Amino acid sequence: MGSYDVVVFDNDGVLVDSEPISNRVLAGYLSELGHPTTYEDSIRDYMGAALHRVHDLVLERSGRRLPDDFDETFHERVFAAFQRELAAVEGVREVLAKLDADGVPYCVASSGSHERIRVALRKTGLYEHFGEGRIFSAQDVGRGKPAPDLFLLAAEKMGVRPERCAVVEDSPLGVRAAVAAGMDVYAFAAMTPRESLAGATACFSRFEELPALLCRA
């Protein structure tokens with residue numbers, strides 16, 4: 001499929017339809033802690049980012065630190081909601097099956113923790129497509145998106161040059177990270193306006209469109 005050696009998928013909002021769930025939970029939890037946050041605020045400020053961005057922005061804006069157990073409590077709430085609601089993004093199984101059939105390797109590079117990635121992939125039945133050797137988390141690098149570090153690590157571990165990778169992302173931070181890594185990036189504009197995904201090689205709104213885009217590269 002196309003001229004790429006590896007396709008690198010973001011997880012949240014790309015493989016699994018988790019962004020509505022996690023941003024609803026995050027907005028509610030921050031508001032509960034005295035940092036009023038709407039669902040739309042959460043999407044705008046935190047979608048695609050590692051949790052350290054939440055800590056940094058709250059401290060910058062309020063002068064107060066989040067509780068020491070914030071990450072643990074947030075993950076407990078998100079995982080509970082995942083068990084009730086999480087599903088794979090429509091059309092993604094078919095794209096993975098085509099990549100398998102065409103012999104094109106792929107991996108996950110997500111801002112989420114290793115635990116979060118695995119919980120999500122297992123709940124949706126996608127874990128079997130990846131396995132341990134092809135899952136990379138912001139926990140593995142010093143800087144999360146929009147820094148290029150995570151995507152560069154994925155390329156290194158997959159044994160390919162960055163310019164031979166295609167990234168599939170859905171957030172402005174992820175697009176910026178892929179561009180900074182020197183990779184082509186295909187932006188899934190499901191929840192994010194296309195104008196917010198400037199810099200992407202191409203945008204698509206349904207996964208059935210992705211194989212043709214990759215083939216044109």
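Predicted, not measured: the structure shown is a model, and the values here were computed from it.
Distance alone, capped at 3.5 Å, is enough to place a donor-acceptor pair between the Thr192 side chain and the Asp170 backbone. With hydrogens and angles disregarded, a donor-acceptor distance shorter than 3.5 Å links the side chain of Arg53 to the backbone of Asp45. In this structure, the side chain of Arg64 engages the main chain of Gly34 through a donor-acceptor pair within 3.5 Å. Judged by distance alone, the side chain of Thr201 and the main-chain N or O of Val185 form a donor-acceptor pair under 3.5 Å. Between the Arg134 side chain and the Tyr106 main chain, a donor and an acceptor come within less than 3.5 Å of each other. Distance alone, capped at 3.5 Å, is enough to place a donor-acceptor pair between the Ser111 side chain and the Gly48 backbone. Between the side chain of His75 and the main chain of Asp71, a donor-acceptor pair closer than 3.5 Å is present.
Using a 4.5 Å cut-off on side-chain heavy atoms (C-beta onward), Pro162 and Leu152 make contact. Two residues are said to be in side-chain contact when any heavy atoms from C-beta on lie closer than 4.5 Å; Phe188 and Arg206 fail this criterion. Looking at heavy atoms from C-beta onward, Leu66 lies in side-chain contact with Val54 at the 4.5 angstrom threshold. You'll find the side chain of Thr37 stays beyond 4.5 Å of the side chain of Leu26, heavy atoms only. Side chains of Arg65 and His55 form no contact here, defined as non-hydrogen atoms less than 4.5 Å apart. Using a 4.5 Å cut-off on side-chain heavy atoms (C-beta onward), Ser137 and Asp140 make contact. Asp184 has its side chain within reach of Tyr4: a pair of non-hydrogen atoms, C-beta onward, lies under 4.5 Å apart. In this structure the side chain of Leu57 reaches within 4.5 angstrom of the side chain of Tyr46, judged on heavy atoms.
In the hydrophobic clustering of this structure, Leu213 groups with Phe9; members are Ile, Leu, Val, Met, Phe, Trp, Tyr whose side-chain heavy atoms approach within less than 4.5 Å, directly or through other members. When hydrophobic clusters are built by joining Ile, Leu, Val, Met, Phe, Trp and Tyr residues whose side-chain heavy atoms come closer than 4.5 Å, directly or via intermediates, Val25 is grouped together with Leu33. Taking hydrophobic clusters as Ile, Leu, Val, Met, Phe, Trp and Tyr residues chained together by side-chain heavy-atom distances below 4.5 Å, Leu126 shares a cluster with Val78. Leu99 is connected to Val92 through a chain of hydrophobic side-chain contacts under 4.5 Å among Ile, Leu, Val, Met, Phe, Trp and Tyr, so both are in one cluster. Hydrophobic clustering (ILVMFWY, side-chain heavy atoms < 4.5 Å, transitive): Val108 and Leu86 are in one cluster.
To the nearest 0.5 Å, the span separating CZ on Arg44 from OG on Ser171 amounts to 14.5 Å. In this structure, the separation between OG on Ser22 and CE on Met47 is 9.0 Å, given to the nearest 0.5 Å. From Ser110, atom OG reaches atom CD1 of Ile117 across 4.0 Å, with rounding to the nearest 0.5 Å. Summarising the geometry, atom CG belonging to Asp12 is positioned 5.0 Å from atom CD belonging to Glu19; distances are rounded to the nearest 0.5 Å. Expressed to the nearest 0.5 Å, how far CG of Leu210 lies from CD of Glu94 amounts to 12.0 Å. With values rounded to the nearest 0.5 angstrom, Glu72 atom CD is found 5.0 Å from Glu76 atom CD.
Ion pairing of Arg93 with Asp100 is absent here, as no side-chain N (NZ or NE/NH1/NH2) approaches a carboxylate O to less than 4.0 Å. Look at Arg176 and Glu169 and you find no salt bridge, because none of the NZ, NE, NH1 or NH2 atoms lies under 4.0 Å from a carboxylate O. Looking at Asp5 and Arg161, no side-chain N of the basic residue comes within less than 4.0 Å of a carboxylate O on the acidic one, giving no salt bridge. Ion pair Asp10/Lys145 flagged as a salt bridge, since at least one NZ, NE, NH1 or NH2 atom sits closer than 4.0 Å to an Asp/Glu carboxylate oxygen.
Within a 6.0 Å sphere centred on CG of Asp69, heavy atoms belonging to other residues, nucleotides or ligands number more than 12. Counting non-hydrogen atoms of other residues, nucleotides and ligands closer than 6.0 Å to CD of Glu90 gives a total of 12 or fewer.
Between Phe136 and Phe151, a ring centre-to-centre spacing not shorter than 6.0 Å is recorded.
Contact between Val175 and Gly199 at its shortest, heavy atoms only, is CG1-C, 4.1 Å. Scanning all heavy atoms of the two residues, the minimum distance from Asn23 to Ser42 falls at OD1-OG, 2.6 Å. Smallest separation of non-hydrogen atoms from Ala166 and Tyr186: CB-CE1, 3.9 Å. The heavy-atom pair separating Cys107 from Val6 by the smallest distance is SG-CG1, 4.2 Å. Of all heavy-atom pairs spanning Ala81 and Ile21, the tightest one is CB-CG2, 3.5 Å. Of all heavy-atom pairs between Pro146 and Ala180, the closest is O-CB, 4.4 Å.
Under the 6.0 Å distance and 45° angle rule, Arg24 does not count as a cation-pi partner of Tyr39.
Between Phe207 and Phe204, the ring planes are perpendicular. Angles over 60° get that label, and only those under 30° would be called parallel. Ring geometry for Tyr29 versus Phe70: interplanar angle under 30°, hence parallel rather than tilted (30 to 60°).
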Working for side chain to side chain contact (heavy atoms under 4.5 Å, CB included), residues Val89 and Val14: CA-CA 7 Å; Val89 169; Val14 172; 5.9 Å; no

Begin from the C-alpha positions of Phe82 and Val16 and carry the test side chain to side chain contact (heavy atoms under 4.5 Å, CB included) through to its verdict. CA-CA 10 Å; Phe82 279 3; Val16 299; 5.9 Å; no

Please assess Val104 against Val7 for the test side chain to side chain contact (heavy atoms under 4.5 Å, CB included), listing each intermediate value before the final yes or no. CA-CA 8 Å; Val104 180; Val7 179; 4.1 Å; yes

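Judged as a side-chain hydrogen bond (donor to acceptor under 3.5 Å, both in side chains), and not counting sequence neighbours, the contacts of Arg118 are His114, Glu132.
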